[in-house]
Amino acid sequence: MTSVAKVAFVFPIRSVRLRIALWNTIAVSAAVIIALITLRQTVHWALLNEIDQVLSEDGAEVRLVVAELATDGLEAIGEELSRKAAGHKQHRWFVRLLGADNEAAWSSQSGPDDEIPQSLPLAATPSTVGNCRTLSGMLPTNSLGLTQFQIGASLDQFHDDVVVVDRLVLIIVAVMICLAPLFGFWLAGLATRRLEEMTATAASLHPSEMTERLPHRGIGDEFDQLAVTFNDLLDRLAAFLEERRNFLADAAHELRTPLAAIRSTSEVTLAEDRPEGVYRGVLEQIIEDCEALEVLVNQVLLLSEAVAFEGKSGIESVPWSDVIRKSIDMFAGVAEARDIRITCSTDSTINVLGSRRHLSQVSNNLIDNAIKYTQPGGRIDITTLRDHKSGAAVLKINDDGLGISAADLPRIFDRFFRADRARHRDSTHGTGLGLCICKSIIEAHRGTISCESELGIGSRFIVTLPISKTNQR
Ligand code: ADP
């Protein structure tokens, strides 16, 4: 039965959705408040500007009235200006005409006269005095001795308009502050829905059936990228698990055969009484089989270690030729016993970055194979050199041994692959794991391993490894 991972409950306060909603509220509210304050100030300025415009036109009109009616007397001027003041009563519009002594010669009835001081600054633009907007200016020279005019209007209407605008701004801000979180929460829900779908799919995945993949819409957004990356990881994981499964199955298969052989030999031997020599012979055979099994188990462990090794831990700058020479020394006795000559030409300046123990394993395996698959009287040439073009350390191991057929050559690095056993010496039947271990180690060191071979002529194994930068000469 497959168990499905539970999706952990996310506290609302920690949820991305709530946080997006909160950020949205803050951003929208700040933008709206800034926009409304700007709008309020603009309306404020526009209203005041309109009043000033009207006052400037009124000032021009007063000048004209004084210029035209001065000959008819102050009464005629007052009559004309009173009519105008009456027309703008709702704005409490007023006008004052001053004489040379700066005293009011004539004032309109309307307007907040008492609030306005007698002497107003002569300015080209209107100014605010108390609750009034006022403008004063020079009058054209006239026979009545009038020198200045003062006009003004109440700002009551203006203040009322500003209050209306302020209220409107406040209402909009209040509505926005209430709606923004709700709208933001809804929007964030749309944005994070796919995240929830992905979490649910990921939670339903089980290592035994890694067939499901995260959906992606193909629009190339961040969620699609996440889904593609995650699916990619799942593909690699599935391949890795499949590989592990096959490895286990292969290992079990390889172990089953010798175990079955030991069991059946024991059963057959015990089926009837036999002379002591027979038992001895069977026990010796069992010990031999157990030794082979031990080698196989060790190789399996080594391979699983090599597969897990990522070339990260236990890494040092390794003198490559030292490693090769130590392997040659180790196998020199076996080679000599089989009358196989080993020549060696190594570049002692080459250091490679890696695990000394694992790299020794590679050179041991390759030299061991070269000896195993070379007939007595044969020759093995070992060379290390620096490939200046690729900047890699190259190891070549040539032998003039049995060689490998073109059909077997592509499979020699496969797990448990052994070429036709008939052509091997009795003692050379190996586990078929050696080259596979070499390949795993070399690839973990970001290197390559390849083989060129011809049946009956010999083989050449070529290993390349990146040179250690710490010790390059
Ligand atoms: P084994 O334990 O059988 O040697 P390996 O993985 O080391 O396993 O090698 C796989 C197969 O490749 C061997 O069975 C052998 O047939 C072939 N092979 C490896 N090295 C050589 C070589 N130097 N010359 C000829 N055949 C070789």
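The basis for the numbers below is simple: all heavy atoms, side chains too, and nothing from hydrogens, waters or symmetry mates. Just follow the structure's listing: the first ligand is 1, and inside any ligand the first atom is 1.
The shortest heavy-atom distance from D399 to ligand 1 is under 4.0 Å. Residue-ligand proximity: N365 is placed with every non-hydrogen atom at 4.0 Å or more from ligand 1.
Per-residue contacts place I412 under 4.0 angstrom from the following atoms of ligand 1 (heavy atoms of the residue considered): 10 (C), 12 (O). The ligand atoms of ligand 1 that sit less than 4.0 angstrom from a heavy atom of K372 are 1 (P), 2 (O), 4 (O). Of all atoms in ligand 1, numbered sequentially from 1 with element shown, those under 4.0 Å from a heavy atom of A419 are 14 (O), 16 (O).
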N/O donor to acceptor pairs below 3.5 angstrom from side-chain atoms of residues 229-236, sequence neighbours left out:
{"residue": "T229", "atom": "OG1", "partner": "Q225", "partner atom": "O", "Å": "2.6"}
{"residue": "N231", "atom": "OD1", "partner": "L214", "partner atom": "N", "Å": "2.8"}
{"residue": "N231", "atom": "ND2", "partner": "L214", "partner atom": "O", "Å": "3.0"}
{"residue": "N231", "atom": "ND2", "partner": "A227", "partner atom": "O", "Å": "3.3"}
{"residue": "D235", "atom": "OD1", "partner": "R213", "partner atom": "NE", "Å": "2.8"}
{"residue": "D235", "atom": "OD1", "partner": "R213", "partner atom": "NH2", "Å": "3.0"}

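In this structure, E454 places its CD atom where only 12 or fewer heavy-atom neighbours from other residues, nucleotides or ligands lie under 6.0 Å away.
Between G432 and ligand 1, at least one N/O pair is under 3.5 Å apart. Residue-to-ligand polar distances place Y373 within reach of ligand 1: an N/O pair is separated by less than 3.5 Å.
At a 4.0 Å heavy-atom cut-off, ligand 1 touches S459 through the side chain alone. For F461, every heavy-atom contact with ligand 1 shorter than 4.0 Å involves the side chain, none the backbone. When non-hydrogen atoms are compared, ligand 1 lies under 4.0 Å from the backbone of L435 as well as from its side chain.
T464 places no side-chain N or O within 3.5 Å of a backbone atom of A393 that could act as its donor or acceptor partner. At distances below 3.5 Å, not a single donor-acceptor pair connects side-chain atoms of S459 with backbone N or O atoms of D399. Here the side chain of S363 pairs a donor or acceptor atom with the backbone of S360 at under 3.5 angstrom. Proximity of a side-chain donor or acceptor of R338 to a complementary backbone N or O of Q375 within less than 3.5 Å is not detected.
Using a 4.5 Å heavy-atom cutoff, the side chains of Q53 and E57 are in contact.
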